[in-house]
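Data first, discussion second: the structure below is written as structure tokens.
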Amino acid sequence: MPKNVAVLNCSQLVTLAGAARPRVGAEMRDPGIIENGAMLIREGRIERIGTREEVEPLVVPNCEVIDAQRRIVLPGFVDAHTHPVFGGSRADEFALRAAGATYQEIAAAGGGIRSTVRQTRAASEDELVQTGKRYARWFLRSGTTTIEAKSGYGLTVEDELKMLRAMRRLEAETSLEYVPTFLGAHAFPDEFQVRRDEYVKLIVQEMLPQVAAANLAEYCDAFFEQGYFNEAQTMRIMTAAQSHGLKLRLHADQLSLAGGAQLAARLGAVTADHLEQTNAGGIAALKAANVQPVLLPASVMMIGARKYPNARAMIDAGLAVVLATDFNPGTSPMPSMLLALTLASTQMKMTPAEALTAATINAAYSLGRGHEIGSLEVGKRANFVVHDCDDWRELAYFAGIEHPVAVFSRGRLVAQRDNNI
Ligand code: NIG
Ligand code: FE
């Protein structure tokens with residue numbers, strides 16, 4: 001990697017610069033645009049950022065120059081909720097839903113998460129790495145440079161460890177950054193359907209200690225939902241996870257309202273994710289406990305549901321909202337943060353600036369990496385994307401388009417659409 005890189009000729013540099021904490025309220029509406037911007041990078045970090053007039057005179061002679069050709073430059077997206085390692089696909093269920101079946105009906109008939117569990121158990125670690133690399137390319141090509149990545153399709157000690165090891169290899173062997181989350185409490189596997197507390201015991205006594213000992217996860221998550229993990233089971237797993245030093249995220253209030261937001265607040269979780277059904281009481285609880293909501297509109301769209309989370313009420317309450325794809329083979333086979341931005345504005349009435357803030361800097365803070373990634377500021381990692389747009393709002397407005405022409409992580413080119421830059 002050349003030591004010095006200059007990024008010149010950006011029509012707009014969308015920095016997301018601001019205070020060293022997640023953005024709330026009106027702060028979410030300021031994308032920090034520098035017109036005619038430029039950036040200097042040294043050893044993979046941003047050394048200078050400003051207008052062309054400020055930065056160009058500082059370019060040193062043997063510096064590599066990236067000419068953005070009057071395109072716009074943004075931070076890499078940070079996707080703070082994904083399930084990117086799994087065997088097989090569920091295109092068959094997609095077709096069943098198109099024919100009128102619901103996600104819940106398919107799950108109750110033994111499909112859904114448990115179908116992917118069977119396919120993931122049948123896959124070797126090498127196979128999971130191989131298919132995972134394909135999904136890593138999809139993320140990078142759509143301008144995402146960091147993802148949070150959940151296990152949860154193994155549901156045995158060995159298969160959960162296999163998934164987490166596959167993630168560790170993907171982190172080493174691809175240019176995508178993975179933040180691993182242990183989600184052993186994703187569903188009750190077939191063999192524990194009638195002995196559910198035994199499965200909870202397996203998570204607490206076997207899985208968590210081994211995951212923690214091998215340092216394979218930073219976070220622990222659970223699917224708190226009717227028919228999945230109840231309050232007592234979720235509490236038991238999450239408090240055990242905390243005692244092993246894991247931080248918490250929680251799938252909450254996705255399909256039904258059962259106080260998931262309040263539970264996340266009581267547990268001191270970093271995030272509460274989904275929140276489609278969350279009401280004013282839940283929003284107040286998140287605010288009081290400083291929990292970040294992670295909203296996943298593609299998982300609503302892809303199962304053909306109608307009810308999106310109440311993003312407006314959350315932003316108006318002062319919550320540091322995060323936007324993510326929920327990429328997974330069931331509810332959201334959709335890895336594009338660009339499309340998530342479109343859905344945020346059209347379905348949840350988030351302004352383009354709020355959605356972008358939620359997809360970058362707020363997401364970075366929710367992963368404990370707000371000081372490193374999520375905005376273009378001096379000292380941060382040079383994770384940035386050149387998008388082929390005239391105005392940054394076109395990212396969401398011209399929908400279904402692959403806007404990124406070049407994606408950089410730590411100042412290094414990691415994905416490219418053509419040789420045009
Ligand atoms: O986030 N809600 C639970 N987990 C996933 C769905 C996983 C699947 O269907 O395979 C979600 O939507
Ligand atoms: Fe999820």
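The model shown is predicted, which means the values in this text are computed figures rather than measured ones. One-based numbering, in listed order, for ligands and for the atoms of each. All values below come from the heavy atoms of this structure, side chains included, with hydrogens, waters and symmetry mates left out.
- No option in F224, Y199, Y228, Y153 other than Y153 meets the ring pair (Phe, Tyr, Trp, His ring centres under 6.0 Å) test with H186.
- Note on ligand 1: D326 sits in its first shell, one or more heavy atoms being nearer than 4.0 Å.
- Distances shorter than 4.0 angstrom do not occur between any heavy atom of E225 and any atom of ligand 1.
- Every atom of ligand 1 is numbered from 1 in the order shown, and the set under 4.0 Å from a heavy atom of I113 is 7 (C), 8 (C), 9 (O), 10 (O).
- Between S299 and ligand 1, no N or O atom pair is found at a separation short of 3.5 Å.
- In N290, the CG atom is not crowded: 12 or fewer heavy atoms of neighbouring residues, nucleotides or ligands sit closer than 6.0 Å.
- Remark: ligand 1 atoms within the under-4.0 Å shell around heavy atoms of R90 are 8 (C), 9 (O), 10 (O).
- Here H83 contributes NE2 and D326 contributes OD1, and at the Fe ion (ligand 2) these two atoms make an angle of 90°, given to 10°.
- In this structure, L155 and E160 have side chains that are in contact, with non-hydrogen atoms separated by less than 4.5 Å.
- The Q254 neighbourhood of ligand 1 comprises atoms 2 (N), 3 (C), 12 (O), with distances under 4.0 Å to a heavy atom of that residue.
- Under 2.8 Å from the Fe ion (ligand 2) lies an N/O/S atom of H81, whether from backbone or side chain.
- The nearest protein atom to atom 12 (O) of ligand 1, hydrogens excluded, is given as T331 OG1, 2.6 Å; this is a heavy-atom distance.
- The closest side-chain heavy-atom distance from V129 to K133 is below 4.5 Å.
- Ring pair F188/F229: centre-to-centre distance below 6.0 Å.
- The side chain to side chain contact (heavy atoms under 4.5 Å, CB included) with L376 is formed by just one residue from the set I361, T360, I46; it is I46.
- Taking the six-membered ring where tryptophan is involved, the planes of F86 and F327 are tilted, since the angle between them lies from 30° to 60°.
- Residue contact check: H186 has heavy atoms under 4.0 Å from atoms 3 (C), 4 (N), 5 (C), 7 (C) of ligand 1.
- Counting heavy atoms of neighbouring residues, nucleotides and ligands inside a 6.0 Å radius, atom CZ of R48 does not exceed 12 of them.
- Relative orientation of the H81 and H251 rings is perpendicular, given thresholds of 30° and 60° on the angle between their planes.
- Under the 4.5 Å side-chain criterion, counting only non-hydrogen atoms from C-beta, L323 is in contact with P297.
- For atom 7 (C) of ligand 1, the closest non-hydrogen atom on the protein side is Y153 OH, 3.3 Å.
- Of the polar atoms of T116, none of the N or O atoms is found under 3.5 Å from an N or O of ligand 1, judged by distance alone.
- Ligand-side atoms of ligand 1 in range of H81: 1 (O), range being under 4.0 angstrom from any heavy atom.
- Assignment of Y103 to the shell around ligand 1 is supported, since a heavy atom sits closer than 4.0 Å.
- Proximity to F223 (heavy-atom distance under 4.0 Å) selects the following atoms of ligand 1: 2 (N), 3 (C).
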